[in-house]
Amino acid sequence: MTTPDLTAPSNFIKTIIEEDLKTKKYDNRVHTRFPPEPNGYLHIGHAKSICLNFGIAKEFNGLCNLRMDDTNPTKEEAEYVESIKADVRWLGFDWQERMYYASDYFGRFYECAVELIKKGRAYVCDLTPDEMRHYRGTLTEPGKESPFRNRSVEENLDLFERMRAGDFSDGSRTLRAKIDMSSGNINMRDPVIYRILHAEHHRTGDKWCIYPMYDFAHCISDSIERITHSICTLEFEDHRPLYDWFLNELNLYHPQQIEFARLNLSHTIMSKRKFIQLVEGGYVLGWDDPRMPTISGLRRRGYTSEAIRNFAERIGVAKRESTVDIALLEHCIREDLNKRAPRVMAVLRPLKVTIDNYPEDNTEELDAINNPEDPDMGTRKVPFSRVLYIEEDDFQEEPQKGFFRLSPGREVRLRYAYFIKCVNVVKDDSGKITEVRCTYDPATRGGDSPDGRKVKATLHWVSARHALDAEARLYDHLLLKEDANDVAEGQDFKSIINSGSLEILTACKLEPSLANTKAGDRYQFERLGYFCADRDSLKDKLIFNRTVTLKDTWAKVQKKGQ
RNA sequence: UGGGGAGUAGUGUAACGGCAGCACGGCAGAUUCUGGAUCUGCUUGUAGGGGUUCAAAUCCUCUCUCCCCAGCCA
């Protein structure tokens with residue numbers, strides 16, 4: 001007997017499973033599967049399905065298989081198999097020894113096809129693709145029966161065997177199920193179950209030149225693996241009668257297909273076809289570009305698998321088509337990284353600050369807390385000296401309303417260091433501010449004022465002499481609008497691509513504790529956001545991807561003021 | 001005009017004849033050595049009409065809107 005996790009939200013699929021468990025429909029077993037086609041990289045929409053299938057298995061003490069749905073040799077490649085496995089594993093799921101391939105069942109599919117022929121339920125059809133389309137009818141008109149529909153079992157058997165033997169060219173014949181050409185459900189109008197494809201398969205090589213179609217292969221694969229609940233997306237809803245038809249005609253163990261709505265995310269796209277346009281059009285730098293909603297892109301961006309799993313849980317599962325606000329994904333990663341990311345000081349757009357009354361060659365080591373959310377993460381030393389960098393927009397010569405950072409005559413705190421007061425502004429010939437001169441109060445060492453006076457802002461900073469050089473890649477939403485379809489007449493999603501989705505800052509300054517950062521390390525740059533070291537990092541120049549900004553009340557206020 | 005689905009706050013998702021809840025967002029406030037985090041409060045919803053019932057998001061009925069299907073793709 002399983003005890004469902006009370007903390008995990010329920011959904012209609014779990015309700016069905018609980019019911020099946022009660023009625024012992026599947027013998028108290030729960031067995032799901034995640035069946036990607038290895039023809040591209042996984043994205044966050046797949047993550048929803050992975051979390052659903054593996055999550056349900058775990059919750060009900062069941063099993064979940066990983067299965068490559070590789071029935072079309074012209075589209076699939078071994079490279080994708082590896083990336084899919086890596087992504088599922090990274091997401092935190094384990095299929096143990098149950099790594100399967102539909103192509104492992106090719107022999108079995110063939111036998112099933114022969115059985116259907118013998119039962120008079122399948123026939124070899126010589127219609128060309130074009131003819132078949134005409135015979136199929138339309139959404140509102142019934143189809144016509146193929147002239148080859150009533151061949152004898154013997155002739156069908158012979159023809160099908162010769163299809164397999166390679167006697168015929170691609171597209172010249174198909175094997176079709178004999179169902180009902182007048183069905184309102186077009187999937188039931190004698191669907192093709194085998195096609196001729198003289199193509200090299202990534203696993204079976206040239207052993208086969210006929211390949212089964214999805215509808216035929218999928219239900220039998222599920223059956224072979226003794227799947228109980230075959231969970232798929234909504235567009236397969238009207239394939240279910242066909243799923244059931246094959247299994248009934250073949251008299252096989254019969255899993256239950258259940259459909260749910262795929263994930264849509266605001267401000268981005270979620271289709272392989274569009275990803276390709278992005279990559280090939282040069283809008284992004286590859287499938288794992290940190291702007292892509294692919295698993296590999298999110299990983300490179302700095303997302304954790306915990307955050308993605310948590311996201312998958314929060315969005316729920318239903319049959320209604322919907323678009324989840326990307327703000328929820330961002331919330332999930334902030335929530336996770338807030339607890340685990342060490343804090344560090346980094347200045348992205350440096351503005352030089354000189355402390356006039358600080359001794360010329362002096363350096364102090366000040367204590368800084370690594371993570372105020374987790375005292376166990378300890379403290380570190382940060383060097384302080386006379387010349388520092390602060391963030392350009394932490395200074396305003398003429399402070400706008402509501403701005404309480406540094407400006408002439410005003411005192412602020414340098415985090416973990418001292419109170420400083422701006423006494424002068426240095427500009428170049430063009431009037432651009434090149435340096436701010438300040439004085440400090442030695443009594444405020446560590447950041448507290450003995451006299452109890454308050455300061456309205458605390459700024460992050462980096463000692464110029466000790467700073468590390470770095471590059472920061474700031475990412476923003478891929479699309480300017482929530483909905484990729486919200487475009488002008490005749491335009492597509494490419495017309496609303498956010499041209500500012502990547503901003504590269506090359507003159508960043510980091511505190512020296514970051515010297516040994518490795519690719520993939522995540523930090524919170526205080527007051528700025530969460531950043532993840534990119535694999536492009538060089539020895540003398542670290543490169544960081546901004547995973548997500550911190551929530552920024554000030555930015556909101558400024559935006560409203562405009 | 002064929003077949004299959006779906007309509008609950010701005011967004012997503014619960015409630016399965018019995019108080020419409022939760023999360024994100026938004027808006028206030030408290031607090032703070034991150035304008036972060038945390039805490040508190042507020043905001044807004046059952047597509048529409050009729051019916052059954054003591055009681056309807058839930059059952060019946062009519063209507064409206066949206067999505068999917070005419071690959072030898074999955």
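Sequence lines set the chain letters: A, B, ... in the order given, protein chains first and strands last, and positions in each chain run from 1.
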Polar side-chain contact Arg343(A)-rU34(B) base: donor and acceptor under 3.5 Å: yes

Nearest-angstrom distance, C1' atom, rA28(B) to rU44(B): 16 Å

Among rA74(B), rG35(B), rG12(B), the nucleotide that comes nearest once only the side chain of Glu37(A) is considered: rA74(B)

pair Asp20(A)-Gln256(A): side-chain heavy atoms closer than 4.5 Å: yes

rA37(B) and rA14(B), which share atom name C1', separated by this distance in whole Å: 28 Å

Selection from rG35(B), rC73(B), rG36(B) that lies nearest to any side-chain heavy atom of Asn72(A): rC73(B)

rC24(B) OP1/OP2 closer than 4.0 Å to side-chain N/O of His331(A): yes

Touch class at under 4.0 angstrom, heavy-atom based, for Tyr194(A) against every strand present: nothing

5' precedence on RNA chain B between Glu335(A) and Lys560(A) (nearest-nucleotide basis): Glu335(A)

Interatomic distance at C1', rC54(B) relative to rU43(B), whole Å: 33 Å

Test: Arg203(A) cationic atom under 6.0 Å from Tyr101(A) six-membered ring centre, within 45° of axis: yes

More than 12 heavy atoms from other groups under 6.0 Å of CD on Glu306(A): yes

rC27(B) versus rU65(B) - spacing of their C1' atoms, nearest Å: 32 Å

Any side-chain heavy-atom pair of Asp70(A) and Val81(A) under 4.5 Å: no

Test item: Met181(A) and Lys144(A) side chains (from C-beta on) under 4.5 Å apart, heavy atoms: no

Touch class at under 4.0 angstrom, heavy-atom based, for Thr323(A) against every strand present: sugar-phosphate

Nucleotide nearest Thr138(A) (side chain, heavy atoms from C-beta), chosen from rU34(B), rC72(B), rA70(B): rA70(B)

Distance-only donor-acceptor test (3.5 Å): side chain Glu373(A), base rG36(B): yes

Closest listed nucleotide, where the reference is the side chain of Thr553(A) and the choices are rC24(B), rG12(B), rG36(B): rG36(B)

salt_bridge(Asp336(A), Arg522(A)) N-O dist < 4.0 Å: no

Polar side-chain contact Glu482(A)-rU11(B) base: donor and acceptor under 3.5 Å: no

Watson-Crick/G-U partner (both atom distances under 3.5 Å) of rG2(B): rC69(B)

Same-atom distance (C1') from rG26(B) to rG7(B), integer angstrom: 25 Å

Watson-Crick or G-U wobble partner of rC64(B), both distances under 3.5 Å: rG7(B)

Minimum-distance nucleotide to Met132(A) side chain [options: rC72(B), rU34(B), rG3(B)]: rC72(B)

Distance, P atom - from rU46(B) to rG41(B), rounded to whole angstrom: 24 Å

Residue Leu139(A), side-chain heavy atoms: nucleotide from rA70(B), rG25(B), rU34(B) that is nearest: rA70(B)

Comparing Thr444(A) and Gly184(A) on RNA chain B - which has the more 5′ nearest nucleotide: Gly184(A)

Between rG48(B) and rA57(B) - P atom distance, rounded Å: 11 Å

Opposite nucleotide pairing with rA15(B), Watson-Crick or G-U, both atom distances under 3.5 Å: none

Sugar-phosphate, base or nothing in reach of Ser183(A), heavy atoms under 4.0 Å: nothing

Arg445(A) side chain reached by Glu364(A) side chain, heavy atoms, under 4.5 Å: yes

Given rC69(B), rA23(B), rG5(B), the nucleotide with the shortest approach to the side chain of Leu328(A): rA23(B)

Per Lys556(A) side chain, nearest of listed nucleotides rG35(B), rG36(B), rC27(B): rC27(B)

Sugar-phosphate, base or nothing in reach of Phe403(A), heavy atoms under 4.0 Å: base

Partner nucleotide, any strand, of rG26(B) [Watson-Crick/G-U, under 3.5 Å]: rC42(B)

N/O (side chain, Thr71(A)) to phosphate O (OP1/OP2, rA74(B)) under 4.0 Å: yes

Base partner of rA37(B), which must satisfy Watson-Crick or wobble distances under 3.5 Å: none

Chi class for rG29(B): syn within 90° of 0, otherwise anti: anti

Opposite nucleotide pairing with rU58(B), Watson-Crick or G-U, both atom distances under 3.5 Å: none

Polar contact flag, side-chain donor to acceptor under 3.5 angstrom, His477(A)-Glu330(A): yes

N or O in side chain of Arg195(A) less than 4.0 angstrom from rC73(B) OP1/OP2: yes

Trp554(A) over rG35(B), stacked by centroid distance under 5.5 Å, angle under 30°: yes

Which nucleotide in rA70(B), rG12(B), rG71(B) has an atom nearest any side-chain atom of Val324(A): rG12(B)

Touch class at under 4.0 angstrom, heavy-atom based, for Asn11(A) against every strand present: sugar-phosphate

Pairwise P distance for rU11(B) and rU31(B), with rounding to whole Å: 35 Å

